[in-house]
There are 2 protein chains.
Amino acid sequence: MNKLPQKTRLTQQRKTILDIVKSTCYHPTAEQIFKLVKKQLPKISVGTVYRNLDVLADQKLIKRIDIPGEPTRFDAELKNKAYFVCKNKGSIYDLKIDSEKLKSLVNCDCIDKIDDFHILLFGTSKDCPSEKGLRKGQLKR
Amino acid sequence: MNKLPQKTRLTQQRKTILDIVKSTCYHPTAEQIFKLVKKQLPKISVGTVYRNLDVLADQKLIKRIDIPGEPTRFDAELKNKAYFVCKNKGSIYDLKIDSEKLKSLVNCDCIDKIDDFHILLFGTSKDCPSEKGLRKGQLKR
DNA sequence: GTAATTGCAAACGGTTTGCGATCTC
DNA sequence: GAGATCGCAAACCGTTTGCAATTAC
């Protein structure tokens with residue numbers, strides 16, 4: 001939610017960062033993105049990554065996923081309305097939630113307008129990944 | 001989610017911290033709690049506050065409220081299932097949400113069991129506090 | 001008595017920022 | 001050329017931690 005400049009530019013760095021977020025099926029952290037970009041642009045610095053993620057998020061090209069106690073992750077799939085975090089392995093599954101139905105669950109006359117929501121569910125998944133394999137939404141640690 | 005000791009003790013510090021969280025109608029941060037406790041126990045240190053908040057949260061006597069980009073807040077009202085964050089003034093309103101209805105909104109066969117959820121709604125409140133007054137749920141900044 | 005807890009202070013980790021140099025439009 | 005962005009490194013800020021001293025049970 002910073003002030004964007006009047007005209008943003010499509011630099012190599014910004015393009016590469018966006019491509020990486022778009023192409024990963026899991027939801028990488030800034031640190032992970034940094035490492036991945038570095039393979040293509042070895043001179044890039046963390047600051048640049050954070051600044052670009054800020055810009056891209058302000059432009060609504062990507063979305064932040066804030067999980068308490070973990071570094072922020074990023075998602076280029078904007079239609080994901082919620083995330084399910086499996087306790088066992090730290091996997092994250094994307095959930096689509098009907099915004100209108102959700103709003104109807106909320107009873108509070110103090111609310112004028114709901115612009116956005118941030119929903120995390122915690123629990124265990126049925127087919128919880130074994131030690132061996134990595135699955136969609138799972139971070140290597 | 002740390003390992004609690006076999007027997008926890010009710011120290012002056014822990015009692016005071018719990019009392020403060022229970023008695024405030026807004027949702028204080030660790031820092032704010034620290035300042036308030038200090039009035040009663042001038043020698044207390046931040047570390048003690050954080051450690052006690054951890055213990056109390058593990059004992060389910062209080063609840064964390066994690067709002068992206070802000071320090072963690074604490075709530076002694078455990079029945080609050082969600083929070084509404086007013087963008088204009090940073091006010092937080094407590095919401096009760098029907099857990100079962102919420103779960104029915106989620107369509108994902110990967111989920112085995114939902115233990116907990118964490119819901120934040122962002123928007124504007126009808127009677128948004130003016131510059132003059134402070135209201136329930138609002139932090140002085 | 002002994003395990004839990006404290007105060008202190010230093011360290012941590014993710015993120016931000018100020019700067020002069022370098023790009024993009 | 002002007003403004004946006006970069007790389008670098010230091011700073012930031014909320015939180016955690018190691019340790020010797022103290023306290024609750």
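Numbers restart at 1 for each chain; the letters A, B, ... are given by sequence-line order, proteins then strands.
- In terms of position on DNA chain D, the residue among B:A30 and B:T8 whose nearest nucleotide sits closer to the 5' end is B:A30.
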From CA spacing to verdict: side-chain contact (heavy atoms from CB on, under 4.5 Å), A:L56, A:R14: CA-CA 8 Å; A:L56 294 170; A:R14 185 161 302 163; 4.0 Å; yes
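- In this structure, CG of A:D54 is placed 9 Å from C1' of C:dT16, rounded to the nearest angstrom.
- Around NZ of A:K15, the count of heavy atoms belonging to other residues, nucleotides or ligands within 6.0 Å does not exceed 12.
- Protein atom CG of B:N52 is 12 Å distant from nucleotide atom C1' of C:dG7, rounded to whole Å.
- Atom P of nucleotide D:dA24 and atom CZ of B:R9 are separated by 9 Å, given to the nearest angstrom.
- Looking at residues 38-49 of chain B, you'll see B:K43, B:I44, B:S45, B:T48 sit with a heavy atom under 4.0 Å from some atom of DNA chain C.
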Residues A:F117, B:I119; criterion side-chain contact (heavy atoms from CB on, under 4.5 Å); working and verdict: CA-CA 7 Å; A:F117 48 85; B:I119 298 185; 5.7 Å; no
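- Not a single salt bridge (charged side-chain N to carboxylate O under 4.0 Å, His left out) links B:K101 to another residue, sequence neighbours left out.
- The aromatic rings of A:F84 and A:Y93 are tilted relative to each other, their planes meeting at an angle between 30° and 60°.
- Classification of A:D54 and A:R64 as a salt-bridged pair holds, one side-chain N sitting under 4.0 Å from a carboxylate O.
- Here C:dT5 presents its P atom at 11 Å from NZ of B:K7, a figure rounded to the nearest Å.
- Taking only side-chain nitrogens and oxygens, B:T72 comes nearer than 4.0 Å to OP1 or OP2 of D:dT15.
- Whole-Å rounding puts the A:R51 CZ to D:dA9 P distance at 14 Å.
- Following rounding to the nearest Å, A:F74 (CZ) and C:dG14 (C1') show an atom-to-atom distance of 11 Å.
- Heavy-atom neighbours of A:K103 NZ from other residues, nucleotides or ligands within 6.0 Å: above the threshold of 12.
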Intermediate values then yes/no, salt bridge (charged side-chain N to carboxylate O under 4.0 Å, His left out), A:D94 and A:K96: CA-CA 7 Å; A:D94 300 341; A:K96 321 265 181 201; over 6 Å; no
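- Picking from D:dT15, C:dT16, D:dC25 the nucleotide with the shortest atom distance to the side chain of B:Y50 gives D:dT15.
- Contacts between residues 11-19 of chain B and DNA chain C, defined by a heavy-atom separation under 4.0 Å, are made by B:T11, B:Q13, B:R14.
- Proximity of a side-chain donor or acceptor of A:K87 to a complementary backbone N or O of B:D115 within less than 3.5 Å is not detected.
- D:dA4 atom C1' lies 12 Å from atom CG of A:L10, rounded to whole Å.
- Taking atom CD of B:E70 as the reference point, atom C1' of C:dG14 lies 17 Å away to the nearest angstrom.
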